[in-house]
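Comments concern the structure below.
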Amino acid sequence: MAAHLSYSVAQAGAPMLPELTPSPPRPFRSLLQPSCSSSQSSSLLSRPSQSSALFGLSPPPVPLPSSLPSGRSGSPSLLVPSPLPSPSPSSSSSSSPSPLPTSSPAPAVLASRYEPPPSHQFTEIERSQGLHKVNREKVANRIIEHPCDAIVEYPETGDGPGITVAHIFNINPDSFYDPRFNFQYSLGDGHGGRGEVVCKMLRSVSGQPVKCSKLRTTCRGLRYCSFRPHTASSHSFTSRQAISLDTVALHAATSSPTDNAHVEVFHKTLAFFCALIEKGCAFSSAFDFPESSDTIEQENDPPLRVDAEELPTGNRRHRTYKCRGPLELRYDNYNQPYIQCSKHLPDSAHLFLRNLQEFDTPYLHALLSDNSDWYLRVENHAKSLGIGPLAPCTFAASPNEQKANCPHWHRDENNTLQRGALIQSAVKCLTTYDIYIPHNLRDCPFILVLSTSPHNHPPPLPIKTPPQIASCLESLLLCLEWKLADATPRRLVLDSGFIYSLRHALAWTSHERDPSPHDLHPSLGNLDHLRRFINVLRTSKFPQGTGFYGAKQLVGEHEQLPVDHRYLRCVEQYQLPNEDEFRLVICMTSRMSSLLVQAKRISIDTSFKRVRGWQEFEVEGWDNSHQRSMVLARAFTTSQSSDAHVILFRRISNIAEQDTGIPIKFFHIHGTGIESVIADNHRGQALGLGKFCVELCKNNQQHCTYEPHRRICELDPYDHLRRFFRVCVVHFKRNIQPLKHEVSSDVLQAMYSIASSEPHTDFEMTLIKIRRGGAKARAWLKDKETSKFAIPALYQPCSLIPLCIWKASPSTTNGNEQAHRNVNRDGIGLNLIAGIMRGQQHDMRATSSIDLHISHGVNPRDTLATHTFRAIRSITRAGEQL
């Protein structure tokens, strides 16, 4: 019996192929010889000249010749039909061709679309020749041969007790996939086998029976909800397409016109009550409740994070208890229902829920008060509609699914609501599988699978991904390279590169929609299943994870690169006094270092959105030569204390000096270098920068230019800040806005006037007016004065920054804000590795844009960002805000 193949075209976008009429089955031959040569370097399916014939791209195969080809000895062999010429244009479809270029699908995709035909019963002649014998004890009743690497998910089995179907799988020894791993049936019960048996049905090239390893296993059937009534079912031959048709028919039958408003309200009310049963009062405490019958310890819940000194005397254990107080539905003075825990008090955190207007309040009240007469009347009416906890359950799941309970709630004989447990049927499936794998697959590249007796359950859904499809998906995912670090099912379908590769793998031609992973195989429509594939592959590519330790591995790889190609420069951790462990990651290229040591006016700012659990620090500067903003250093930190910022600035300086040989210099210390730094009003950031300047000049005995009577080494952090540090006026004014209804307009104007480069007529009187403006105004001014750096950083006459340098400095951190916004467009909420790699791509694009401007004079925009252009844009935006 030769393999008769049909091509499934049910998938949207798949190439439309001509319908083929299967040819009559050919006689089974006594010797099986390779149709996939062991010398081939790839699967037969990967050869267009033969795969087209195998998968229905050519007319039906011609009958085998009565004699063997020359050069072969022995009995006739199983031959793969040779491809015939394509149909003439006149016989082709009259529909217009697709404008998209067509190509052959990937071999795994072709293999998954294989629909096996029914098996062939042995003839009397074949029986008389003993061709149906597997060994002395085992014989087969029917046989079917499958082409090389074909995926058979639902192998046909005997249609009666003891009836055996023999499946001959033609395999490629160079890319061997065990066919049983393609079966959607869950195998496992009754494992057994022998290491060496002789199989007469499998023959070597010389025509001799081969020695095989034999495995015996049984079908585990399905697991059913404990509330599902037993129904007899049997099948021996099905396919993925037949299951799809059955599923569509079942969905059409169950989606009756009962989906009305009353049914929806019933479902929502019942679901809400079931959620209350499952969660109960969410209040828990490590010490508020004594251990009693009203509380239970939740072993899987983490203990509350409380200090031992806060626990009552005699109870120093971190134990978590959950409230088990009953829930009650009550009405307030306005006849509005609410639910509360019976232990709820006005100052406690026990459950209290309002907003119940979307539920059936009488039914919910009956459920909470256990009024069985009422809720049974409602649920019996629902049962008549085929819904509710009294309706028969139809849920079943394959043992391959890691599920313990039915997703639906049912009432037991005691009228208790509970989810049904998924249990194995009391009647075991009698289908058995005997699998024979030759010891030498090159001498006999076939595997024999004997399936005996029909299944006594419905066929399982296609939830398991065949290994070939999994391998194809893996190759598509590996094309993502570093993007695999933050890949998710949603990001996959939004990634143009992945979709392009998927189109080619599927030979997709549809214009209506792009392909999705489930077009490779239905099992990949389960996003959690697909996410597990991604996670497994991500773990193999990033064995240290995608967090801090993954970054430590990555920085080791970057250290092996030439200096000009390094980006990740520092992944370190420190133990700071009175703080948790401080972790620091710095990303800089040598070009960024060069720009940093040349910068005169920089801004610094921290963002919190891009990488989960990390703050992103950026140093930004304006490149006048190329009229654009540039990120000069990028870092990820876990602390914003002043000590953490000292380490941050120190390491950035070290890296810049290592790359350029030039240390970072400040104008007020060295007479050249950074003239001004602008930031928001964060105290840790400012003080850390001041402490870093103290480190730079601790051995500098020169006298200060601005205060000649003081040596530079004698300046404290705040003295340094008075000489170069400014506060962003946008942040300053934004923090005043909430006070506009708390203080008078005169006081508000006085507060705004502090940010100025022009001297006040009487600055002290301005401060006095603010202090007399009320409690909120006094608190605001006290915050500025106690910081020691804010007023000099806002009011130039109080600072030591020369007026020309003050006015040359940007007055806002808008450059930083825009830099954060630009890189955030590449993704937010990322893990650390993804944040590093996406930042690298962003910074490299900025550098290449500068290189393009240098080499070809091409600007990133039509309009140059000149001083005039920026001034016009600033005035325009100011007018739009009025």
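When a residue number appears, it is its place in the shown sequence, counting from 1.
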Short side-chain to backbone donor-acceptor contact, [X] and [Y], under 3.5 Å:
X: N456; Y: S233; answer: no
X: Q336; Y: Y334; answer: yes
X: S226; Y: G420; answer: no
X: Q340; Y: L351; answer: no
X: T606; Y: F617; answer: no
X: S787; Y: A790; answer: yes
X: S516; Y: H518; answer: no
X: T269; Y: D360; answer: yes
X: N735; Y: F732; answer: no
X: T416; Y: D412; answer: no

Hey, can you tell me if [X] and [Y] have their rings parallel, tilted or perpendicular (30° and 60° cut-offs)?
X: Y363; Y: F266; result: parallel
X: F548; Y: W614; result: parallel
X: H408; Y: F395; result: perpendicular

Legend entry - Residue list, side chain to side chain donor-acceptor pair (under 3.5 Å) with D332, at least two apart or on another chain: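 D332: side chain to side chain donor-acceptor pair (under 3.5 Å) contacts with R354.
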
For [X], does the [atom1] atom sit with more than 12 other heavy atoms under 6.0 Å from it, leaving out its own atoms?
X: H381; atom1: NE2; result: no
X: R771; atom1: CZ; result: yes
X: N578; atom1: CG; result: no

Please examine the side chains of [Y] and [X], heavy atoms only from C-beta on, and report whether any two atoms are closer than 4.5 Å.
X: L367; Y: W374; result: no
X: L376; Y: R411; result: yes
X: Q640; Y: H682; result: yes
X: R538; Y: R531; result: no
X: N380; Y: S384; result: no
X: Y375; Y: H365; result: no
X: T361; Y: L364; result: no
X: P462; Y: P522; result: yes

Legend entry - Stepwise side-chain contact (heavy atoms from CB on, under 4.5 Å) test for T813 and V730: CA-CA 8 Å; T813 57; V730 171; over 6 Å; no

Inset, instruction - Check the pair V747, M751 against side-chain contact (heavy atoms from CB on, under 4.5 Å), reporting the backbone distance first and the verdict last. - result: CA-CA 6 Å; V747 174; M751 295 164 73; 4.0 Å; yes

Any luck finding a side-chain donor-acceptor pair between [X] and [Y] under 3.5 Å?
X: E579; Y: S641; result: yes
X: T465; Y: H529; result: yes
X: T637; Y: S639; result: no
X: N816; Y: Q818; result: no
X: N824; Y: R821; result: no

Legend entry - Working for side-chain contact (heavy atoms from CB on, under 4.5 Å), residues R419 and H410: CA-CA 6 Å; R419 290 202 296 169; H410 308 280; over 6 Å; no

Show the nearest heavy-atom pair for residues [X] and [Y], with the distance to one decimal.
X: E618; Y: V823; value: OE2-CG1, 4.0 Å
X: G835; Y: V611; value: CA-CG2, 3.9 Å
X: F542; Y: L484; value: CE1-C, 4.3 Å
X: I836; Y: A551; value: CD1-CB, 4.0 Å
X: P399; Y: R223; value: CA-NE, 4.1 Å
X: C341; Y: L327; value: CA-CD2, 3.9 Å

Inset, instruction - Validate the cation-pi geometry between R491 and F498: distance from NZ or CZ to the six-membered ring centre under 6.0 Å, angle to the ring axis within 45°. - result: no

Working to the nearest 0.5 angstrom, can you tell me the gap between [X] [atom1] and [Y] [atom2]?
X: R532; Y: Q402; atom1: CZ; atom2: CD; result: 8.5 Å
X: L329; Y: Y338; atom1: CG; atom2: OH; result: 9.0 Å
X: K740; Y: L748; atom1: NZ; atom2: CG; result: 9.0 Å
X: L648; Y: D643; atom1: CG; atom2: CG; result: 12.5 Å
X: I339; Y: E328; atom1: CD1; atom2: CD; result: 10.5 Å
X: D605; Y: Q685; atom1: CG; atom2: CD; result: 6.5 Å

Ion pair [X]/[Y], N-O distance below 4.0 Å:
X: D783; Y: R778; answer: no
X: D680; Y: R734; answer: no
X: D486; Y: R838; answer: yes

Inset, instruction - Using the side-chain contact (heavy atoms from CB on, under 4.5 Å) rule, take H457 and Y224 through it: C-alpha gap first, then chi angles, then the decisive distance, then the call. - result: CA-CA 10 Å; H457 55 83; Y224 300 94; 3.2 Å; yes

